[in-house]
Each structure stands twice: as structure tokens, then as C-alpha cells.
Number of protein chains: 2
Amino acid sequence: MQAGTKGTELVKFFFALSEPIRLEIIRALLSAKELCVCQIVQAFGLSQPKVSFHMRVLREADLVLWKRRGRWVYYRLNLENPMLRAVLPFIEEGMEVSKIQTTACEVGP
Amino acid sequence: MQAGTKGTELVKFFFALSEPIRLEIIRALLSAKELCVCQIVQAFGLSQPKVSFHMRVLREADLVLWKRRGRWVYYRLNLENPMLRAVLPFIEEGMEVSKIQTTACEVGP
DNA sequence: AGCTTGCATAAAAATAATTTTATATGAAAT
DNA sequence: ATTTCATATAAAATTATTTTTATGCAAGCT
């Protein structure tokens, strides 16, 4: 996804979702209302900079929102994004039903 | 999109759409019922192997169907793909209305 | 059959994305 | 004020994708 690309928004959107780790993070965020970086790090056994890198891609594609609370940074899906909403059913597909978020849940440190 | 990836189908789908040239080809196929490679080459001023490369990515993501007729190979959108159908409205967005296919049209050599 | 056209594919070269390693920042704790 | 923790960001190293260049193949023409 080189710089100066036209139609960037759409390209960024698809690009962000075209990576297995990022898709898994999206799925995790679908199950948990929100997650801080350390939870994602632990859940997937990834390095922290790696997770931060991918979260940035997701952020810049407008797929997630973030908020700092104390020392932690929490990420959650940007469900206001209509494109995300359009593809979520396909991302959910194959997920265990039990893992799909139906109600808010307490998470995190 | 490294080899041996899990959840390949979805990743391939998003990956195929995460590239400006491929998105433009999708848009062109939306306007023209079907296009042969030489038409895409001419329409965008791309080299033939480049177009073939991108068409293969689109094929392997199940986004397009192809058929040889004589010496020409024609590509068209795989509108049976439900994921493609889900995102098409967003891909159309910003396209000139006049370019959006409403009826079949005669194209090609 | 031999030529030409349209296209796929392979190999090499160029470019871009990801991962790792190292460092910086903001917030709380001591 | 210093230290510690959680995380972002930068730089370097690695890996993947894209582009270019070269070649091969199928189909029609002469």
C-alpha cells in the first residue's frame, strides 16, 4: 500500500483486513468489548511492538478506536464504520458462537 | 499474504481488494459486463503481464470468473460471491453513475 | 505447416510490508 | 524525583509483493 494512493480509504480498509493476525485481533475484539494491548499480547503470544504495529494499521483504517486509561491503552471495534459492519458477518463466520460478543463484559487489568 | 495461512479464503478476499489497480479493475468490470485482458491493458495503460498478474490474484480470491473465447480471455465479476456483493456498494461509491453497469453491453474485439 | 495474436506464467529486479531490536513517552507508584 | 510499567514509535533486518523482462502456449490465420 504505497503512499500517495488514490481512493485510499477503501484500499486501507481492505488492506487492514488482509492479514491473518489483524483478522484474529478483530475477532478477539468482537468477543471482548474492548482489549488493552497487553491482553492481545498475551492472548496471541505476540511481541508488544508487533501488536502495536498492527493496531496502528487497524486504527489508520478506521477499524478500531482507542482510548488511554491510566497506563493502559484500550482498543475496541469502530462499529460506526459501515464497511466494517458490512463485512463483520463474514469475519464472524467460523468463530465459535460462545466467543461472539452479545453483551458487554468486564475485561482487562 | 504468506503461504500456509489459516482462514485463507477471507484473507485472500481482502487482500485482493487491497490494491488500487485491482480495485479499479473491479470497478471497470462493474461498468462493463465483461472485459478481455487487452481491453483492460488499453483502458488503464498497463502492461499485459501486469494485468495478468492482478487478474490471477482476483481469480484466486474468487472475485472474478474467466472464460476463453477464441484467442481472448474474458473476465467478469463473480457476483455469486456473497462477500463481494456485500462490499460492492462501497466500491461503487464515488464511481460516476454513468459508469455503473445497469444493463448488459456489447464489449470487446 | 509456419506465422501471428492474445494471454498465461516464470525468473529476475524493484519495491513495500512485516518483524525484530532498540528507544522514547506518558502515567502511576515508591 | 526517580523508578517502573504499558505502550508507542524509530531503525534495521527480514520477508512478501509487485513490476519488469523473457518465454511458452493455445487459437486462429495464411
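Side-chain atoms are counted along with the backbone in the values below, which use heavy atoms only and exclude waters and symmetry mates.
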Next on the checklist: Nearest whole Å is fine: how far is D/dA16 P from A/I21 CD1?
Outcome noted: 12 Å
Next on the checklist: Can you identify which nucleotide, out of C/dC7, C/dA29, C/dT19, has its nearest atom closest to the A/R71 side chain?
Outcome noted: C/dA29
Item to check | Atom pair distance, as rounded to whole Å: CZ in A/F15 and P in D/dT18 | outcome: 9 Å
Next on the checklist: So if I take every side-chain heavy atom of A/E19 and compare against C/dA22, C/dC7, C/dT19, which nucleotide ends up nearest?
Outcome noted: C/dT19
Next on the checklist: The side chain of A/R56 is closest to which nucleotide in this list: D/dA10, C/dC7, C/dA10?
Outcome noted: D/dA10
Item to check | Under 3.5 Å donor-acceptor pair, A/Q48 side-chain atoms to D/dA6 base atoms | outcome: no
Checklist entry - Looking across every strand, which nucleic acid part, if any, lies under 4.0 Å from B/R69 by heavy atom: base, sugar-phosphate, or nothing? => result nothing
Item to check | Electrostatic pair B/K12:B/E9 at N-O distance under 4.0 angstrom | outcome: no
Checklist entry - For the pair made of CD in A/Q42 and C1' in D/dT7, what is the distance, rounded to whole Å? => result 14 Å
Item to check | Closest to side chain of A/H54, choosing from C/dG6, C/dT19, D/dA8 | outcome: C/dT19
Next on the checklist: Could you tell me how far apart B/F53 (CZ) and C/dA12 (C1') are, to the nearest whole angstrom?
Outcome noted: 14 Å
Checklist entry - Does the side chain of A/V64 come within less than 4.5 Å of A/I25's, by heavy atoms? => result no
Item to check | Along DNA chain C (nearest heavy atom to each residue), the more 5'-positioned of A/R68 and A/V57 | outcome: A/V57
Item to check | For atom CG of B/L58 and atom P of D/dT18, their distance in whole Å | outcome: 11 Å
Checklist entry - Counting only side-chain N and O atoms of B/Y75, is one of them less than 4.0 Å from OP1 or OP2 of C/dA8? => result yes
Item to check | Student check: side-chain heavy atoms of B/R69 and B/E34 closer than 4.5 Å | outcome: yes
Checklist entry - For B/I40, which contact category applies under a 4.0 Å heavy-atom criterion: base, sugar-phosphate, or nothing? => result nothing
Item to check | C/dT18 phosphate, OP1 or OP2, under 4.0 Å from A/R22 side-chain N/O | outcome: yes
Item to check | Nearest-Å distance for atom pair CG/C1', residues B/L46 and D/dT18 | outcome: 12 Å
Next on the checklist: Can you identify which nucleotide, out of C/dC7, D/dT9, D/dT20, has its nearest atom closest to the A/R59 side chain?
Outcome noted: D/dT9
Checklist entry - To the side chain of B/C38, which of D/dA8, C/dA8, C/dC7 is closest? => result C/dC7
Checklist entry - Aromatic rings B/F14 and A/F13: how do their planes relate, parallel, tilted or perpendicular, breaks at 30° and 60°? => result perpendicular
Checklist entry - Where the side chain of B/N81 meets the backbone of B/D62, is there a donor-acceptor pair that is under 3.5 Å apart? => result yes
Item to check | Any A/K50 side-chain N or O less than 4.0 Å from OP1/OP2 of C/dT18 | outcome: no
Item to check | Nearest-angstrom distance from the residue atom OH of A/Y74 to P of D/dC5 | outcome: 17 Å
Checklist outcome for this item: A/E34 CD to D/dA6 C1', in whole Å, measures 15 Å
Checklist entry - Okay, side chain of B/R85, backbone of B/E80: is any donor-acceptor separation there less than 3.5 Å? => result no
